[in-house]
Amino acid sequence: MAQVIPLDRVRNIGIMAHIDAGKTTFSERVLYYTGKKHKVWETHDGAADMDWMDQEKERWITITSAATTCFWKDYHINVIDTPGHVDFTVEVERSLRVLDWAVAVFDASQGVEPQSETVRRQADKYSVPRMAFINKMDKMGADFFMAVDSIKSKLTDKWVVCQIPYGAADDFKWIIDLLDMKLYTFEWEMGVNVVEHEIPAELQAKAEEYREKMIDAATMFDDELADKFLEWWDIPKELIIKAIRKGTVSNELYPILCGTALRNTWVQLALDYVTRYLPSPLDRWTIYGIDPDNEEKKLERHASPTEPVSALAFKIASDPFVGTLTFVRVYSGTIKSGDSLLNPITGQKERVGRLLLMHANKREEISEIWAWHICAFLGLKDTRTGNTLCDIKNPIILEKIEFPEPVINISIEPKTKDDQERLWLALAKLMYEDPTFRAHSDEESAQTIISGMWELHLDIIVDRLKREHKVEVNTGKPQVAYRETIMADSVEWEWVFKRQTGGRGQYGHVLLRLEKLQDKNYEFVSEIKWWVIPNEFIPAIDKGAKETMAQGILAWYPIINIRVVPYFGSYHDVDSSEIAFKIATFRAFKAAFTKPEAQACILEPIMNVEVTTPEDYVGDVMGDLSSRRGMIQWQEPRGNATVIKAKVPLSEMFGYATDLRSNTQGRASFSMEFGSYERVPENISKQIIDERSGKVKSMDEE
């Protein structure tokens with residue numbers, strides 16, 4: 001980065017979609033047409049630049065988000081290619097947190113698929129503007145207008161068609177751009193020559209119809225355009241661009257484009273749309289945070305190289321050649337190699353060793369990075385995903401990244417003594433990189449338990465243990481990550497912990513209220529006045545509650561959705577201690593939790609399952625889902641197939657892929673994602689508790 005690039009010419013984009021919609025193929029074409037690479041390697045050949053991990057090349061899927069930088073017509077574009085598989089949704093979550101906008105890729109034969117809806121919710125969460133690319137127009141069954149209808153009905157009606165195809169499947173060759181009202185073909189090797197033609201007479205009426213719809217949608221964002229549109233004046237192209245850009249930047253309008261990345265059709269036009277319509281840092285000028293010393297005080301930073309530094313660490317990765325890479329989005333200021341920054345979450349200073357621009361797993365060293373750019377830092381010691389890095393004299397905490405809880409567990413054990421010695425070091429590194437991966441040691445069974453988002457996620461973890469960390473392990477059967485909670489709005493209990501041992505005793509007295517939460521796993525709110533229990537013991541009550549939540553009570557699964565409110569108690573001048581209040585809290589919590597009126601229960605993860613099947617097998621598929629305690633939500637035709645959507649407990653989905661192939665002669669497919677935690681039926685709950693009853697040890701016995 002030899003010179004500061006004007007911020008109005010910077011674009012930070014993410015590519016997101018359901019699995020197999022063609023995200024990585026699109027990303028590869030972007031790199032080719034921008035001159036970043038000079039030969040295209042395909043995903044299905046296991047040679048795409050953006051899918052650089054061995055597991056990605058072998059499985060033809062994207063597992064980890066890959067970042068790169070390229071240039072198009074004097075515009076600097078930072079690109080992040082994200083996974084489409086729900087097991088790796090963390091990669092999408094943390095990428096969208098730091099991106100200015102996204103391209104949503106759709107399969108023209110499928111329209112909206114389950115992960116399409118997930119990434120839409122993630123983009124909405126971070127207010128990320130976006131545009132759509134309806135890909136694979138050359139695929140059998142491709143139907144542009146069906147895909148558009150599914151996008152508008154299932155996602156949002158804010159989408160506006162800006163291009164329409166001429167032909168589909170084997171007949172697809174051309175694209176009509178409704179802004180220019182021209183037909184474009186892509187000729188010569190790799191379609192590098194974009195050739196302009198007049199629109200054929202048989203498509204003129206269709207093009208004019210959709211152009212009118214496009215302008216009508218844009219009039220919401222420009223009064224001058226609205227006036228000219230109502231009066232049927234000739235409308236300048238620049239006025240339409242201005243209105244669509246305003247709608248897109250404000251996250252109120254989403255352009256829809258079409259093409260086929262694999263056949264080298266559309267990508268150049270898409271890059272023009274990227275630079276023409278989508279926001280630069282100047283459009284998203286202000287970033288907000290809080291004062292580390294006063295959470296009620298809001299702070300601002302602006303996209304300027306001269307402001308105090310504020311940046312967000314959004315991804316951690318291990319590089320076998322250079323060590324730990326911390327991917328950082330810089331929001332304000334300028335950072336140079338060797339600078340010292342503050343991590344206000346930990347209170348520690350971090351020294352930036354080297355700055356690297358990344359192209360997937362390739363690196364280019366730079367001397368400094370400016371506001372609103374993305375790069376990787378080397379040398380950080382204690383910065384985690386979601387931590388802020390900022391100017392030491394001007395601290396700020398930026399919005400954190402929230403990650404979903406793991407829903408599946410498996411046990412692993414090292415094969416040899418050497419593997420055992422390396423295992424926990426390797427697991428610690430993997431947990432450091434992936435916030436949705438957990439590992440812990442089960443003291444009763446002496447097993448190591450790893451937890452993740454689904455079987456593929458953990459399969460990749462085990463494979464990485466072997467390949468990257470040289471640790472061989474045996475694995476057990478997958479187990480569901482159940483949770484516990486109460487159904488009552490609130491419940492209370494009091495406990496006095498008193499123990500006399502001849503010398504100094506132990507005394508802790510706590511009155512505790514448990515309240516049901518909807519949107520948080522845990523919250524601690526003390527209503528105790530300082531003269532009842534000194535402030536020095538309040539953290540011990542909080543810690544006792546947290547440990548109880550983590551340990552569980554009914555069947556020793558973690559407890560969720562609870563607010564813990566200590567509201568009264570007492571202490572002894574000599575005998576009171578942190579451990580006494582911690583134990584009193586545990587016992588008060590347990591007693592309140594197990595009161596009949598608390599309605600304590602076990603929760604199970606419910607998955608959103610979508611099955612695409614030929615019509616002949618609809619009855620068999622629905623019957624099988626119902627036998628798995630599934631609730632059918634709806635079904636609809638999609639091309640020559642039928643799509644069935646259902647909610648099914650995760651515990652019933654093990655082995656489903658094999659059964660589905662058997663029931664449909666291999667002609668059906670399915671996808672699923674985590675939906676919510678819901679109460680387990682009473683008979684199954686009793687069975688779970690009975691199975692777990694002999695495997696646990698409570699704090700009462702310690």
- Message: Has Arg628 got a side-chain atom pairing as donor or acceptor with Met653's backbone, closer than 3.5 angstrom?
- Response: no

- Query: Hey, are Asp177 and Tyr273 close enough side-chain-wise for a donor-acceptor pair under 3.5 Å?
  - Reply: yes

- Query: So, the side chain of Arg29 versus the backbone of Ala261: is there a donor-acceptor pair under 3.5 Å, distance only?
  - Reply: yes

- Between Ser127 and Asn251: side-chain donor-acceptor atoms closer than 3.5 Å: no

- Query: CG/Leu155 to OG/Ser150 distance, rounded to the nearest 0.5 angstrom?
  - Reply: 7.0 Å

- Message: Consider ring pair (Phe, Tyr, Trp, His ring centres under 6.0 Å). Of Phe133, Trp159, Tyr277, which one does Tyr254 pass it with?
- Response: Trp159

- Message: Which residue is it: Phe172, Trp174, Tyr184? I am looking for the one with a ring pair (Phe, Tyr, Trp, His ring centres under 6.0 Å) to Tyr166.
- Response: Trp174

- Check whether the side chains of Glu610 and Ser671 place a donor and an acceptor atom closer than 3.5 Å, and report yes or no. no

- Taking Asn135 for the side chain and Val105 for the main chain, is one N or O donor matched with an acceptor at less than 3.5 Å? no

- Consider only side-chain N and O atoms of Asp272 and Trp72, and report whether a donor and an acceptor are under 3.5 Å apart. yes

- Message: Please check: side-chain N/O of Arg11 versus main-chain N/O of Leu278, any donor-acceptor pairing under 3.5 Å?
- Response: yes

- Any donor-acceptor pair under 3.5 Å from Ser626 side chain to Met622 backbone: yes

- Message: Using 30° and 60° as the class boundaries, would you call the ring planes of Phe437 and His457 parallel, tilted or perpendicular?
- Response: perpendicular

